[in-house]
Structure formats: structure tokens, C-alpha cells
Q: 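Below is one structure. I have some questions about it.
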Protein chains: 2
Amino acid sequence: MNNAGGRRRPPTIHDVAREAGVSRGTVSRVLNGGHYVSPAAQEAVNAAIRKTGYVVNRHARSLITGRSDSVGFLLTEPQERFFEDPNFNVLLRGCTQALAAHDVPLLLMLAGTEDERRRITRYITAGHVDGVLLVSSRSGDPIAEELREAGVPLVACGKPIGLGSRVSYVAADDRDGARDMVRHLLSLGRRRIGVVTGPLDTPGGVERLAGYKEVLTDAGVGIDERLVVPGDYSRLSGETGAERLLAQAPDIDAVFVASDLMAQGVLTALERAGRRVPQDVAVGGFDDSPAALATRPELTTIRQPWDRISAEMVRVLLAQIGGEDPAAVILPTELVKRQST
Amino acid sequence: MNNAGGRRRPPTIHDVAREAGVSRGTVSRVLNGGHYVSPAAQEAVNAAIRKTGYVVNRHARSLITGRSDSVGFLLTEPQERFFEDPNFNVLLRGCTQALAAHDVPLLLMLAGTEDERRRITRYITAGHVDGVLLVSSRSGDPIAEELREAGVPLVACGKPIGLGSRVSYVAADDRDGARDMVRHLLSLGRRRIGVVTGPLDTPGGVERLAGYKEVLTDAGVGIDERLVVPGDYSRLSGETGAERLLAQAPDIDAVFVASDLMAQGVLTALERAGRRVPQDVAVGGFDDSPAALATRPELTTIRQPWDRISAEMVRVLLAQIGGEDPAAVILPTELVKRQST
DNA sequence: AAGCGGTGTGTGCACGTTCCCAATATGCTT
DNA sequence: AAGCATATTGGGAACGTGCACACACCGCTT
């Protein structure tokens with residue numbers, strides 16, 4: 001078996017057929033579901049496959065079927081933010097594993113420069129992948145629109161802004177998660193609840209803010225615009241956001257922060273200002289990233305079901321490749337209570 | 001051009017040939033280097049390619065050439081650690097981009113379960129990728145050995161333990177980085193320098209410890225085994241490691257920690273014990289991960305050139321696929337001085 | 001004038017697979 | 001007994017490309 005250095009020619013379907021004493025067609029039928037094959041032939045073919053160590057040549061198969069049996073995982077800008085985001089890693093890992101279970105390889109595609117965008121678009125529209133898992137924060141991402149128009153099966157992570165309705169997506173219920181958190185803060189007796197929002201050109205940022213406003217309005221507390229401060233999910237923007245909040249409304253007794261990373265920054269700023277957490281100011285995050293456990297006090301936050309999100313993305317994409325219609329899936333979040341509230 | 005919903009049959013090399021008024025062979029020659037093609041024909045073909053929007057069918061090409069023009073990025077266990085490690089993300093991103101510049105897609109392969117290992121090994125040895133970028137911490141990884149025996153071009157990240165010499169690798173100069181850090185601590189007047197090691201079944205862990213011992217021995221300070229405590233690169237192991245260190249040698253005035261993540265834990269433990277950093281105890285990390293900037297005080301650390309590592313891994317792998325011999329590349333590290341020393 | 005090396009071009013074949021169709025065998029109905 | 005639907009099998013064709021080969025042309029030497 002050992003063949004140090006050189007690679008030998010792998011066995012083909014022809015070798016298997018000869019070994020099993022049947023024709024290529026029969027072997028092919030066994031490989032693809034086993035319909036219209038007698039049990040005896042089936043058994044002989046399987047034995048021959050085991051004996052020869054045959055593995056199907058995907059290139060030859062793709063050439064005739066027109067499918068590639070592979071899927072692209074497309075990350076548009078900004079890559080830095082995503083790669084530093086632990087949730088992104090969970091998502092990438094989950095998608096890879098879910099696809100592996102279906103024997104579908106995942107191609108990682110990073111569209112940073114304009115040159116890369118063009119190359120990737122060409123690659124995809126040329127049919128070298130059957131579908132695309134899309135992670136993008138930009139509203140109305142041009143590459144997504146292009147793929148959609150080309151008829152490439154597409155599943156986005158999070159609700160895409162400004163893309164036609166014919167694109168699938170899987171998202172956590174951001175609005176409901178925000179509602180849960182703000183309700184939780186209200187239940188602790190807090191009434192001056194600030195918010196550091198996410199980027200408002202992303203659906204997540206918009207929805208989380210909407211949930212915040214909804215609950216406060218419904219509870220009769222009302223919205224004080226001095227309590228609303230913009231952020232961009234980065235740690236630093238949390239820090240400056242909290243500083244602004246303290247300046248505009250020194251009497252805050254709670255902050256709902258739209259991401260754990262920003263919440264880290266908020267905690268830093270509060271500590272510097274001499275506010276105790278949670279006694280003086282309660283802090284609620286969003287994401288349940290590992291960062292939430294690294295802070296002191298540990299962060300109360302909203303857990304997004306990233307493992308389920310990745311699994312659903314793969315499921316929806318494979319279904320769409322199989323000819324089904326685009327679908328939208330919204331998954332529930334969960335309040336994780338720790339020490340910061 | 002718009003073809004809402006359905007995907008049309010892409011143009012083939014035949015279409016281009018007809019459009020340009022030449023034969024398939026001429027188009028193929030233009031595509032692969034353009035040797036033995038007249039300038040006139042070259043121009044006509046390029047125009048036809050632009051007009052038709054032709055993209056080569058990689059499946060058909062692979063079928064005849066035997067190459068796949070794609071590369072696997074293989075991560076063996078433990079996946080959790082790697083995916084949480086920011087350096088891994090930089091590595092993955094760097095490799096993807098470097099490969100993209102060569103128009104080579106990257107397939108992400110995660111070998112977690114035994115089932116996945118088998119599937120991936122089959123996939124690779126069947127020739128569905130031309131080579132593999134390997135990230136593995138395990139000594140004598142069975143999957144790596146199997147690939148090496150099958151003659152698959154292989155480039156490891158970090159020096160692999162117990163693999164034959166016929167495997168390429170790219171690594172930072174761990175030993176020299178450790179030497180730099182310990183010399184730096186000595187230059188600050190510290191003499192009771194503890195160390196929290198990395199896992200000693202990894203070359204990085206071994207080398208960093210070796211650098212530590214080397215400098216202390218050469219400086220005439222000598223090795224006190226109570227100052228050497230094992231860790232596994234995780235934040236928690238840094239915390240417990242520092243506690244053990246404080247118990248075994250309460251008079252330490254510095255700690256060299258073999259990873260930034262562990263250094264985070266060390267800082268936590270020191271703070272709890274009431275030791276000031278850097279006044280009472282100087283702390284040096286390793287990696288220069290984003291974590292190094294998140295600590296208070298910010299961490300002095302050793303920067304590994306991850307961007308160059310990924311670029312070199314890709315370069316060496318492509319060279320090896322092109323027929324060159326395996327190579328080992330060692331890249332220099334850099335001391336980054338911040339507040340913790 | 002014939003031969004020669006280099007350049008440029010077209011054509012048949014092969015790569016390994018799936019799909020389609022024909023051919024045969026089997027069982028059941030009329 | 002003939003007819004028909006169903007199960008099972010084999011073989012030709014096609015997918016789109018690169019490669020080897022044959023051929024034509026040119027300018028130069030012998």
C-alpha cells in the first residue's frame with residue numbers, strides 16, 4: 001500500500017465494475033441511491049468498493065451533472081471585525097461541520113478588495129459552487145445582489161437590508177432578545193436605562209434598538225433620546241459610548257449594550273467613573289460571547305443560538321439547492337443572568 | 001444579461017473559439033501562458049473571452065490534468081482552542097488571501113470526530129485537493145502521518161513532532177522569542193523569574209521553555225524548578241499556574257508566560273494576591289494577540305509574524321505542489337514592550 | 001533547390017462520471 | 001398464450017478541457 005513520494009492513479013468506477021463483474025452503470029446506480037439494482041449486485045459492488053478503496057472522482061461527476069457539490073462561505077467586509085468576533089468563529093465552525101455531515105466541502109471566500117470581489121463573483125457565477133452562505137453587515141451588499149440576480153442559491157446570516165425577498169436568511173430574534181433584556185432591567189427596578197446601540201445600517205442594530213424602545217414605551221417609561229447612544233459593536237465604541245451616556249445623563253441606573261464586546265468597554269468606562277456594577281448601574285450585553293465571562297463582574301447577556309443558526313443556514317441552503325423556495329428562519333434567544341445586573 | 005431565477009449554461013471554450021475565429025487549441029494555449037500564439041490570435045481570443053464572459057470550467061480541467069487547483073486547510077483537534085485563538089484567525093485569513101492571489105480556493109476541513117477524520121483523509125488522498133495546510137498541536141498526528149505517506153504535499157504550522165523529515169513547516173522562532181523576553185526581564189533587574197509553560201507535547205511549548213532555561217543558565221542565575229509551572233495555553237491554566245507559582249515561590253519578581261491568554265489569567269491571580277504589576281511582579285506574555293491590549297496593564301509580549309507565517313506556508317505549499325522539495329522556514333519574532341514589565 | 005529548425009494552428013483522443021435508451025427477464029393480467 | 005408493466009442490466013454518448021500530434025508556413029543554411 002505504501003507508495004512513498006509518488007501518488008498512484010486512484011481506482012476508477014471502471015475498476016470497481018470489473019472487480020464486481022458488473023457494468024459501470026450498475027456501479028453508478030449503487031453509488032447514487034441504489035434504485036433498480038438487485039441485492040446481489042448491490043452487495044458485489046459494495047464489496048468491490050471496499051476492496052479497491054474506490055472514491056468517486058468529483059470532478060468527473062461535476063462535469064456531467066453540472067453541480068459541484070460544494071458550497072461557498074462568503075465573508076464580505078469588514079473582515080477584521082468578523083474574525084475577531086467569537087460568534088463568527090462559532091458560525092464558521094458550525095457551518096463547516098454541518099456541511100461535512102452531508103459530505104459537502106466548504107470553500108472559504110473573503111471579499112476584501114475590489115479585485116477579490118470580482119474574482120469571487122466570477123468564481124461563484126461560473127457555477128463552481130452550488131450555493132453560498134453569506135455573512136455580510138453592509139446594507140444592500142452589491143455582491144449579494146449580483147449573486148441573487150444570477151440565480152445562485154443564497155442564505156444570509158441575519159436579515160439582509162434592501163435585498164429582494166427572494167433571498168433566504170437565518171437570524172436570531174434580535175428584537176425579542178432586546179425586549180427580554182430591557183424587561184429584565186425593569187424588573188430590577190431600574191428606570192433610567194441607557195442604550196449603546198449597534199451599527200444602525202445593520203438589521204441587528206436596528207432590531208435591538210427597536211426592542212429597547214418598544215418595551216420602554218409599553219411600560220410607560222418613555223424614550224429619553226439622551227439615553228440613546230450609537231456604537232458599532234467594537235469594544236472602543238462601548239467605552240466612548242458609556243462616557244457620552246454618563247455626560248448626557250449622569251443619573252442612569254442601567255445600560256443595555258447591543259454587544260458583549262461593547263459591554264466590555266462600558267464596564268471599563270463605568271469603573272473609571274467610579275460607578276459600581278451592578279449596584280449603581282446594571283449592565284446588560286448581547287451575544288453571550290466568551291468575552292462575557294472574561295469581564296468582572298461577569299456579564300448578564302442575551303445568548304444567540306449560533307450553533308442552531310449555522311445548522312439552519314446549511315439546512316435552508318441545501319434545500320434551496322435542491323429546488324425549494326427561499327425561506328426565512330428566526331430563532332429564539334435566551335437571557336443569561338450573571339453578575340452585572 | 002439578467003436571467004432572473006434560472007441559471008443559464010455558461011459559455012465554453014468552444015464558444016470562445018468560434019467567437020474569436022480560432023480553434024479550441026489556440027484558446028487553450030492563450031489560457032495557459034500564451035506560448036506559441038500569434039499576437040493577433042491572442043488579442044482576438046482575449047476579446048472573445050471578455051465578450052462571452054468565459055470562465056474556465058475547473059472540473060473539466062481537473063479531470064484531464066489530475067490537479068484540482070485547490071488546497072485544504074486542515075485543523076485537527078482541539079478545535080475549540082484554535083477557534084478561540086485570535087492567532088488562528090489571522091492565520092486562516094492570511095492563508096485564504098494568499099491563496100486567493102494565486103486563484104486557488106481554500107477548503108476548510110475540520111477533523112474532530114473519528115468519522116470526520118476518515119472522511120477527510122479519503123477526500124484528500126483521493127486527490128480532491130493538491131495539498132494541505134496543516135494546523136495541529138498533537139504530537140505525531142496520525143492523519144498527518146497518513147497524508148505524508150500518501151505523498152500529499154503538506155505544510156505544517158509550527159514544527160511537527162515525530163513526523164519524518166520529509167514534511168515542510170513554517171514556524172516562528174519560539175526559542176529566540178523566549179530568549180528575548182527573559183533577557184528583557186533580566187535587564188529590568190529581575191532575578192526570580194517564574195515561567196508558566198505551554199503544553200510540552202507541542203514544539204512551541206518545548207522551545208519557549210528551552211529559551212527561558214537557556215538565558216537563565218547563561219546569565220548565571222540558574223534554574224529553580226519551583227519557578228517552572230505547566231500550562232496549556234488556556235486562560236484558566238494561567239490563573240491556576242500563577243497561584244501555584246505564588247505558593248511555591250512567593251518571592252517571584254517576574255513571570256514569563258508562554259501565551260497571552262494564559263497571561264490574562266496570571267494577571268487576574270496576581271491582582272487577587274495583591275501583587276502590583278509591574279512594580280512587584282513583571283509579566284511577559286507571548287503571541288501579541290488582541291488579548292494583550294485588553295488587559296490592564298497592557299501586556300508586554302512577543303509578537304509572532306502571523307501574516308508572514310501564513311504567506312510563507314502558502315508559498316512553500318505551492319512550491320511543493322510544483323514539484324520542489326519540502327522546506328522548513330523559521331521566522332523571527334519581535335519584543336513588544338507595553339506596561340506589564 | 002532541397003532541407004531544416006522554429007513558430008503558429010487545427011484536430012482527435014482521453015480524463016471518469018452520469019444519463020439515456022435499448023435489451024432482457026420476470027410476474028401479472030386478460 | 002399473448003400482452004403488458006416493472007425490474008434489472010449493459011453500452012453508447014456527452015460533459016469541457018488539455019495534450020500530443022500532424023500540418024502549414026517562414027526564413028535561413030547547405
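Only heavy atoms go into these numbers, but all of them, side chains included; no hydrogens, no water, no symmetry mates. Letters A, B, ... mirror the listed sequences (proteins, then strands); counts begin at 1.
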Q: Counting just side-chain N and O atoms, does Asn57(B) come under 4.0 Å of either OP1 or OP2 of dC15(D)?
A: no
Q: In plain terms, say whether Arg58(A) and Asp103(A) are close enough for a salt bridge, that is, a side-chain N and a carboxylate O under 4.0 Å apart.
A: yes
Q: Counting only side-chain nitrogens and oxygens, does Thr65(B) get under 4.0 Å of the OP1 or OP2 atom of dC19(D)?
A: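 No, no such contact exists.
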Q: By nearest atom, which of the nucleotides dG10(C), dT17(D), dT18(C) is closest to the Val22(B) side chain?
A: dG10(C)
Q: Less than 4.0 Å between a side-chain N and a carboxylate O, is that true for Glu145(A) and Arg148(A)?
A: yes
Q: Asn32(A) versus Arg61(A): any side-chain heavy-atom pair under 4.5 Å?
A: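 When only atoms from C-beta onward are counted, Arg61(A) and Asn32(A) do touch, with a gap below 4.5 Å.
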Q: Taking only side-chain N and O atoms of Tyr54(A), does any of them lie within less than 4.0 angstrom of OP1 or OP2 on dT17(C)?
A: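 Answer is yes, contact under 4.0 Å.
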Q: Has Tyr36(A) got a side-chain N or O lying under 4.0 Å from the OP1 or OP2 atom of dA7(D)?
A: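 Indeed, a polar side-chain atom of Tyr36(A) lies that close.
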Q: So, under a plain 3.5 Å distance rule, would you say the side chain of Arg24(B) forms a donor-acceptor pair with the base of dG18(D)?
A: yes
Q: Below 4.0 angstrom from OP1 or OP2 of dG10(D), is there any side-chain N or O of Ser23(A)?
A: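 Yes, such a contact exists.
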Q: OP1 or OP2 of dG10(D) less than 4.0 angstrom from a side-chain nitrogen or oxygen of Thr26(A), does that happen here?
A: yes
Q: Is any side-chain nitrogen or oxygen of Ser28(A) closer than 4.0 Å to OP1 or OP2 of dT18(C)?
A: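 Yes, such a contact exists.
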Q: Out of dG16(D), dT9(D), dG18(D), which has the shortest distance to the side chain of Val37(A)?
A: dT9(D)
Q: Out of dG18(D), dG16(C), dT18(C), which nucleotide sits closest to the side chain of Leu31(B)?
A: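 The closest nucleotide is dG18(D).
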Q: Using a heavy-atom cut-off of 4.0 Å across all strands, would you classify Arg58(B) as base, sugar-phosphate, or nothing?
A: nothing
Q: Decide, yes or no, whether a salt bridge links Arg50(B) with Glu43(B) under the criterion of side-chain N to carboxylate O below 4.0 Å.
A: yes
